[in-house]
Amino acid sequence: MNFQGSRKRGEDGIAMVVDFLLSNARLVLGVGGAALLGIATLAVKRLIERAGHAADDEKVEQKMAESWEELSLVSASPTLIRKGIEGVVMKHVAKGKRQQKADLCQQPEEPEVPPLEKQSKPESGPKRIQLCIVTLQERLKQFYHTRAALSQQEVERAQSVALDICTEIQGFLHSRHPNMPLGEMHLGGSLLDDLQVVNADHACLLVPLHLEPSLWRLIPGEETLLTHPLHWMVRRLNLEYFPRGRSYWDRYLVGGYLSAEAVVNMFSKVVMETVNWPSISSTLDCMVRPVLGGPELRLEIWPGAEKYGTESSNQSLFISMLPVLTEGDVVLTAQLELTSPWVNAWHLSLYPWETQRLAQLDSVDDGCRRQTLKILKAACELNPALRPLKGALLANLILHLSDSEIDWSENSLDVRFQQCITELIGYLEQGALHSYFKPAVNLLSGLSEDQVDQMGFMLYCAVSEPEILLI
């Protein structure tokens, strides 16, 4: 008898019933309820299929248990799932494909052969099994080396392009505006600190502004009317004794404070709209063009194949100019996208403190905090649902976890990775992840409810199957 053919005909009948139920459930339960019902139906259908495919009692029990786990996952799913539900269904399908791969990799039953033939191939079976077994620790290391970490050649190439642009801009400012009190422009950010992942596609040029200590004072955000810890202001002092005009930066005063917006607008006109970019492009053997229309001072560079190699010519590099004010260990940046709508506010950058703290902790115990951070950043960048989780948020997550966990050796990489996933779910449920250095700042405040739902469910699925983040 053809049991396989009769099973397929039964599946067609089940499929027709499932389609009818889902089409009517959407009218009654809505899209979200119908999607959850669809996942539950898919799990039950797979339960029946696995029972039909199994060849022995042990396989039946194993696959039945997996199916009931899927049903429990559906019952424990968040209630606010909307747009991310299609991705959940696809993950179930992908899981089925991985199960089939695992079944194929299992050692087949060998027929009985004479003893002499068995002795001629004593290691063929164990070798095949060994190739199919990959632990989470090995998978994390593979993901780090193949997807997260950048090659030294790629980093040096991007740094070289950024430094060439830096030299051209600084030379232009010195020749056209010799009286502008600026420090030496230099490279900063994740590309310099070996924290950039996936692609070397962005760099940051820091433009230090020199202020007279007797004429200016940096005011912490808690002491201003804004009362935001990260929104500092720069007040002009002694106007009655040193009237306006004594400092070069007096021309960018708004209400007695140095305006970050006025400074950015000045650099936009002086650099972005004035520099002869076609001439620089021909000099540097690359195409350079300003990205106008936004609050950032950005350049897009397409490196040429002759000078920087054929591989780099297929990928653009974005370079941001960032005016900064420094006083001791305090670094204020003119980032309008972070301080809008306050025209006088300067952003307190916690990035130097966070990266320095991570490097210090790793140097003490030879830990893997920075490696864990790069893996998390790459996983979030490559997963559309997790892209709102930026590097600053993930760095603070690891810093908080370092206060409670001592063992950060490389052998514990898989444990810390799974623990970071669990901690993130907890923070998303609470709706708050406080900054390590500024506890009054909630790093999750800028996320929408839909984003939290999608990220939470993706991380929820990754608790039992973390490999879905390492694609």
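For the single chain, residues carry numbers from 1 onward in sequence order. Keep in mind that what you see is a predicted model, and the values were worked out from it rather than measured.
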Over 12 foreign heavy atoms within 6.0 Å of [atom1], [X]:
X      : atom1 : answer
Asp366 : CG    : no
Trp277 : CH2   : yes
Arg176 : CZ    : no
Leu292 : CG    : yes
Gln356 : CD    : no

Self-check item: Check against side-chain hydrogen bond (donor to acceptor under 3.5 Å, both in side chains), Ser214 and Glu212
Solution: CA-CA 5 Å; Ser214 60; Glu212 299 83 352; over 6 Å; no
Heavy-atom check, side chain of [X] versus side chain of [Y], under 4.5 Å:
X      : Y      : answer
Pro323 : Leu297 : yes
Phe242 : Asp250 : no
Ile169 : Met185 : yes
Leu332 : Val330 : yes
Leu209 : Val263 : yes
Val207 : Leu322 : no
Leu258 : Arg236 : no
Trp249 : Met180 : yes

[X] to [Y] - nearest heavy-atom pair and separation:
X      : Y      : value
Gly446 : Gln451 : O-OE1, 4.3 Å
Ser259 : Val343 : OG-O, 2.9 Å
Ala392 : Leu443 : O-CD1, 4.3 Å
Leu350 : Ser435 : CD1-OG, 3.4 Å
His202 : Ser190 : NE2-OG, 3.6 Å
Leu226 : Ala345 : CD1-CB, 4.0 Å

Quick check: does any side chain N or O of [X] sit under 3.5 Å from a backbone N or O of [Y], one acting as donor and the other as acceptor?
X      : Y      : result
Asn396 : Tyr436 : yes
Glu154 : Ala200 : yes
Ser445 : Val441 : no
Ser340 : Glu337 : no
Glu156 : Gln153 : no
Gln196 : Asp201 : yes
Trp346 : Leu230 : no
Thr326 : Val331 : no
Ser316 : Trp302 : no
Asn442 : Leu433 : yes

Using 0.5 Å steps for rounding, measure from the [atom1] atom of [X] to the [atom2] atom of [Y].
X      : Y      : atom1 : atom2 : answer
Leu382 : Leu469 : CG    : CG    : 10.5 Å
Met233 : Leu225 : CE    : CG    : 7.5 Å
Glu354 : Leu358 : CD    : CG    : 8.0 Å
Met458 : Asn383 : CE    : CG    : 4.0 Å
Asn344 : Glu261 : CG    : CD    : 9.0 Å
Leu173 : Glu168 : CG    : CD    : 11.5 Å

Exercise. Compute both the distance and the angle, then confirm whether Arg139 meets the cation-pi test with Phe143: under 6.0 Å from the six-membered ring centre, within 45 degrees of the axis.
Key: no
Quiz item: Looking at Trp216, is Arg235 sitting on its ring face, NZ or CZ under 6.0 Å from the six-membered ring centre and within 45 degrees of the normal?
Solution: no
Practice problem: On the 0 to 90° scale, with breaks at 30° and 60°, tag the Phe457-Tyr460 ring pair as parallel, tilted or perpendicular. | Solution: parallel
Quiz item: Can you say whether the rings of Tyr427 and His400 are parallel (under 30°), tilted (30 to 60°) or perpendicular (over 60°)?
Solution: tilted
Under 4.0 Å between a Lys/Arg side-chain N and an Asp/Glu carboxylate O for [X] and [Y]?
X      : Y      : answer
Glu223 : Arg217 : yes
Asp362 : Arg369 : yes
Arg370 : Asp193 : no
Glu405 : Arg416 : yes

Quiz item: Hey, mind stepping through Ser448 and Asp450 against side-chain hydrogen bond (donor to acceptor under 3.5 Å, both in side chains) and telling me if it holds?
Solution: CA-CA 5 Å; Ser448 66; Asp450 286 344; 5.5 Å; no
Quiz item: Taking atom types as modelled, is there a side-chain donor on Asp407 or Ser409 under 3.5 Å from an acceptor on the other?
Solution: yes
Quiz item: Where do Leu338 and Thr333 land on the side-chain contact (heavy atoms from CB on, under 4.5 Å) test, with the steps shown first?
Solution: CA-CA 10 Å; Leu338 299 179; Thr333 61; 5.7 Å; no
Self-check item: side-chain contact (heavy atoms from CB on, under 4.5 Å) evaluation trace for Arg147 with Leu470
Solution: CA-CA 9 Å; Arg147 305 301 299 273; Leu470 307 177; over 6 Å; no
Exercise. Kindly determine whether Glu222 and Thr227 satisfy side-chain contact (heavy atoms from CB on, under 4.5 Å), including the steps that lead there.
Key: CA-CA 4 Å; Glu222 296 87 346; Thr227 67; over 6 Å; no
